[in-house]
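When reading the values below, keep in mind they use all heavy atoms of this one structure, side chains included, and skip hydrogens, waters and symmetry mates.
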Amino acid sequence: MWRQDGRLYGGSGPGSALGLARSVLRLNAINKYYQVGSHRLHVLRDVDAEIEDGELVSIMGASGSGKSTLLNILGILDRYDGGEYWLGDTLVRDLSETQAARYRNRFIGFVFQSFNLLPFKTALENVALPLYYQGVSRRARNRTAMQYLERVGLAEWAEHRPNELSGGQKQRVAIARALIGKPKIILADEPTGALDSATSLQIMDLLGEIHASGMTVIVVTHEAEIAARTQRVIRLRDGKIEAAA
Amino acid sequence: MFSADRWYEVLSTLGRNPLRSILTALAIAWGIFMLVLLLGMGRGLRNGTEKAFADDAANSVWIFGGSTSQPHAGLPVNRRIVFDNGAYDALRGVDGVDKLTGRFFARGAMWGNELQTRVGAKVSSFDVRSVHPDHQHLEKTIVVAGRFLNDRDLAEKRKVTVIGEPVAEFLWGHTDVIGQTLAISGVSFTVVGVFTDEGDAGELRKLYIPITTAQLAFNGADRVNMLMFTVGDKGVGETAALVEEVKALLAERERFHPADPQAARIRNNLEQYATFQEIFWILELIIGGLGALALVAGIVGVSNIMIVAVNERTREIGVRKALGATPTTIVGTILQESLFLTTVAGYLGLVAGVALLEVVSSLVPASEYFANPQVDLQVALIANGVLIAAGAVAGFFPALTAARLSPVVAMREGA
């Protein structure tokens with residue numbers, strides 16, 4: 001099931017020890033603390049994880065398990081206090097705000113539970129936004145955005161604003177937006193949390209298709225049903241990896 | 001920063017809440033409008049007063065004879081002091097006295113000194129000033145035809161006169177009157193010059209004649225009722241010292257106590273001018289300060305609205321950051337919004353203010369108190385610069401807050 005392209009992993013980055021398998025994401029003993037008043041909360045305890053290129057993985061855990069924290073670290077939205085986070089052959093650690101923003105833009109496509117589309121922009125403009133921050137011209141990024149909208153089946157909705165779309169359509173737009181920057185990984189945070197079960201399945205099918213096309217997809221969820229549709233489940237409990245199935 | 005794409009983002013953001021954008025712009029425009037208006041009015045007041053001063057040399061000292069209020073050298077009080085040609089000659093010798101003239105009052109007083117002036121059937125009373133040639137510099141008399149009085153006129157006690165344009169107009173109906181003859185209190189004088197003056201019209205309804213001629217013709221012996229001199233480019237302090245020196249000299253000559261305040265009444269125009277300048281400087285400062293406060297109110301308004309706008313957009317900013325907007329981009333975009341708004345609004349306020357001043361300037365006639373309300377280009381440019389800086393400040397702090405937002409926290413907001 002791992003994608004084995006037969007090419008040896010070059011350089012001294014992580015994954016070279018694994019030989020042929022190429023990890024797109026690797027966590028080495030990640031620790032994270034939160035200072036709450038005088039207490040120091042140990043949120044993530046020596047989290048080790050490795051996700052191969054092209055995997056479809058889910059991260060599960062109850063609330064308070066450190067799931068959200070881990071997601072934020074993976075999404076370069078938050079810092080960690082100890083360990084190493086390798087994204088491809090890039091060590092993501094102690095980044096400036098600007099660097100973090102660039103890495104997010106280049107490496108990560110986000111899909112959120114609440115879609116997080118900009119309400120005053122059309123579906124097309126929403127999809128094109130990551131390219132704006134890459135400095136792509138308006139015409140070029142709108143053309144690309146149209147292709148991605150076609151891919152999620154919403155070409156005819158391009159000029160509509162989010163409030164004119166259904167929940168499922170909004171999430172499709174969000175997925176198109178996550179894909180447009182050609183990221184290394186898609187990070188989906190409870191992508192079906194705000195959707196009914198029929199639409200949820202459609203969205204999971206879409207994520208499955210995206211995975212099938214070779215993209216690495218990480219789904220954070222608390223629903224076993226959703227997790228069951230992924231290849232591998234990473235379970236978190238009390239800030240520790242419980243089991244890798 | 002100035003890419004077309006960025007402008008598209010900025011304008012579309014401003015256009016999302018047009019009413020708010022317009023109100024913000026209005027606050028700034030109003031601030032700059034008030035600033036321009038107040039500064040212009042302040043300048044108008046100052047111009048008016050300076051015009052009043054423009055008539056006389058500002059660096060001049062006038063001395064009138066008075067009455068003694070202190071006994072001195074065995075002489076009683078209430079003794080009338082009248083200077084004479086000797087006093088004039090004595091002042092001539094004082095170092096620091098630049099242009100010097102005496103005035104002889106044919107009727108003994110400075111005012112009510114009009115003498116009957118006649119050309120044929122045309123008769124009127126005009127103020128006749130009996131002076132030395134230097135008087136031209138003290139009163140800033142501008143000779144438009146012929147010449148002013150000269151030393152030979154005085155030495156030979158010639159019966160010549162230099163007359164104001166309105167006087168010529170009245171007597172002859174035109175101003176081409178050099179060589180014409182007129183009669184002052186029955187004494188014939190030849191017109192050698194016609195003058196104008198920067199001061200008000202009253203300064204023009206006058207005739208100048210040599211003081212020596214006047215003393216002879218109007219029974220003046222060698223009396224000089226008033227002495228006037230300029231002090232060159234001396235400062236206020238030096239002038240005060242010179243005035244003391246002159247006063248001591250006159251006290252010696254006329255035998256009054258040097259500290260007697262009534263014996264010689266002295267008007268130091270430089271001191272007055274300096275005082276006026278100070279008053280107007282302070283006035284302009286106050287007015288400018290008020291204008292600046294109006295502007296500050298506008299800036300605070302813009303800042304406030306920008307903060308509200310940024311708060312409203314917390315979530316949007318979080319999303320943008322998650323998608324790869326750098327802090328620089330966030331700050332840049334918000335700053336650009338703020339700068340655009342303040343610059344455009346400020347410019348409109350500036351134009352409106354200047355336009356109103358122009359209207360006021362054309363409707364209100366120049367007077368002694370108010371003339372040519374205006375804002376110089378420099379002030380306008382400074383105001384514009386202040387405005388742009390203000391726009392930057394107004395936008396900067398909200399922008400910084402926005403840039404520091406954690407995307408996670410930002411996106412959770414209202415989720």
Between A:Gln113, A:Glu125, A:Arg102, A:Arg177, which residue shows the highest count of heavy-atom pairs closer than 4.5 Å to chain B?
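Maximum pair count with chain B is reached by A:Arg177.
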What part of [X] is in contact with chain B, defined as an atom under 4.5 angstrom from a non-hydrogen atom: side chain, backbone, both or neither?
X	result
A:Tyr103	neither
A:Tyr132	side chain
A:Leu118	side chain
A:Arg139	neither

Less than 3.5 Å apart, any donor N or O on the side chain of A:Thr69 or A:Asn72 sitting next to an acceptor on the other?
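Short answer, no.
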Please tell me whether A:Thr98 and B:Thr326 have a donor and an acceptor in their side chains that are separated by less than 3.5 angstrom.
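Checked: A:Thr98/B:Thr326 side chains show no N/O donor-acceptor pair below 3.5 Å.
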Does the side chain of A:Leu117 come within less than 4.5 Å of B:Val319's, by heavy atoms?
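With C-beta onward as the side chain, the pair stays apart.
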Hey, are the side chains of A:Ile175 and A:Ile203 touching, using non-hydrogen atoms and a 4.5 Å cut-off?
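Result yes, sub-4.5 Å side-chain heavy-atom pair found.
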Proximal component of B:Arg313, with respect to chain A [non-hydrogen, under 4.5 Å]:
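No part of it gets close to chain A.
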Cation-pi check, A:Arg26 to A:Tyr85: give yes when NZ or CZ is under 6.0 Å from the six-membered ring centre and within 45° of the ring axis, no otherwise.
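So A:Arg26 doesn't make the cation-pi contact.
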